[in-house]
Amino acid sequence: MDPMSGPYVIRGSVSLPEAELLWRFSRSSGPGGQHVNTSDSQVELRFDLAKTEALPPVWKERALVKLAGRLVDGVISVRASEHRSQWRNRETAAVRLASLLAEATAPPPKPRRATRIPRGINERRLREKKQRSDTKRGRSGRDWG
């Protein structure tokens, strides 16, 4: 097995646990010429999100909720077959999984604080609106004899 290019960081000090990644290789469709029927370059990477201990419990809960539609028995899978080389597809799949988990475990955005629109801005908007209205009213040819 070739050495992977280091741990795939999800966020902060948390990265994908190498031991919990399940790799599957198959023949890829698409480019490859005479090479295509002989090499298993498509990569499917599976990660058991429900059973993992690598993620903090809070993150795990968030991810299970956000990725519910993509999970099959608590397992998330990512496919990559863009490249001719299996190694590059493995890289792509791992990076894709890491960014998917990063997005799914992100904390919810802070709620927006309601602020008032300054009076000056509102007045300017109404003034411009009135001006526009006058301009358009002036275009109708009613008064042209």
Side-chain angles (χ1 to χ4, degrees), residues 1-140:
M1 197 161 114
D2 0 333
M4 299 298 282
S5 71
Y8 294 95
V9 177
I10 296 174
R11 198 168 57 252
S13 60
V14 181
S15 55
L16 282 178
E18 208 56 58
E20 294 181 30
L21 300 178
L22 299 164
W23 298 94
R24 211 166 80 200
F25 308 102
S26 56
R27 302 246 164 97
S28 182
S29 63
Q34 294 162 332
H35 169 78
V36 77
N37 298 325
T38 59
S39 65
D40 292 343
S41 61
Q42 175 171 286
V43 172
E44 186 182 354
L45 173 57
R46 297 159 64 89
F47 177 63
D48 197 335
L49 190 55
K51 294 195 182 104
T52 188
E53 294 297 316
L55 298 177
V58 183
W59 287 21
K60 191 165 142 180
E61 286 302 309
R62 267 188 222 142
L64 285 169
V65 171
K66 282 193 186 164
L67 299 173
R70 286 194 60 161
L71 296 176
V72 178
D73 298 332
V75 177
I76 182 120
S77 69
V78 173
R79 268 211 179 100
S81 59
E82 295 83 271
H83 306 292
R84 277 182 58 163
S85 102
Q86 185 192 98
W87 191 80
R88 280 176 69 193
N89 279 332
R90 286 175 65 154
E91 289 282 293
T92 307
V95 167
R96 214 175 271 170
L97 180 63
S99 67
L100 194 68
L101 287 173
E103 208 173 294
T105 58
K110 287 200 175 82
R112 181 186 174 280
R113 252 189 35 224
T115 54
R116 287 196 42 206
I117 298 170
R119 203 160 112 217
I121 289 179
N122 213 8
E123 286 174 355
R124 187 181 70 203
R125 181 182 64 86
L126 292 172
R127 203 171 41 247
E128 285 172 359
K129 201 171 157 162
K130 181 100 177 84
Q131 223 170 1
R132 188 96 184 118
S133 151
D134 291 343
T135 304
K136 288 192 167 190
R137 202 165 52 236
R139 287 187 190 146
S140 70

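Because only heavy atoms are used, hydrogens play no part in the values below, and waters and symmetry mates are left out as well, while side chains stay in.
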Here the pair of heavy atoms bringing S41 nearest to N89 is O-ND2, 2.6 Å
Is there a donor-acceptor pair under 3.5 Å between the side chain of T135 and the backbone N or O of Q131? yes
- Are L100 and R96 side-chain neighbours, meaning at least one heavy-atom pair lies under 4.5 Å? no
Closest heavy-atom pair, E53 versus K60, reported as atoms and distance to 0.1 Å, is OE2-NZ, 4.4 Å
Q) Judged by modelled atom types alone, do N122 and R125 share a side-chain donor-acceptor pair under 3.5 Å? A) yes
* To do: Give a yes or no on this: more than 12 heavy atoms of other residues, nucleotides or ligands lie within 6.0 Å of atom CG of L126.
  => yes
Heavy-atom closest pair (R90 atom, W23 atom, distance to 0.1 Å) is O-CH2, 3.6 Å
To the nearest 0.5 Å, atom CZ of R62 lies from atom CD of E103 at 13.5 Å
Rounding to 0.5 Å, atoms CG (L97) and CG (L49) come to a distance of 9.0 Å
Can you confirm whether R137 sits close enough to D134 that some side-chain heavy atom of one is under 4.5 Å from a side-chain heavy atom of the other? yes
Side chains of L22 and D48: does their closest heavy-atom pair fall under 4.5 Å?
no
Rounded to the nearest 0.5 Å, the OG atom of S85 sits from the CD atom of E91 at a distance of 9.0 Å
CD of Q42 to CD of E82, rounded to nearest 0.5 Å, is 9.5 Å
In terms of heavy-atom contacts, A93 and V43 come closest through CB-CG1, 4.1 Å
Here the gap from L45 atom CG to F25 atom CZ, rounded to the nearest 0.5 Å, amounts to 9.0 Å
inquiry  = Would you say that R127 contacts K130 through its side chain, given a criterion of any heavy-atom pair below 4.5 Å between the two side chains?
reply    = no
Smallest heavy-atom separation, I121 atom then I117 atom, equals CG2-CG2, 4.1 Å
Between S77 and R46, the two heavy atoms sitting closest are CB-CG, 3.7 Å
Report, as yes or no, whether the 6.0 Å neighbourhood of atom CD on E20 holds more than 12 heavy atoms from other residues, nucleotides or ligands.
yes
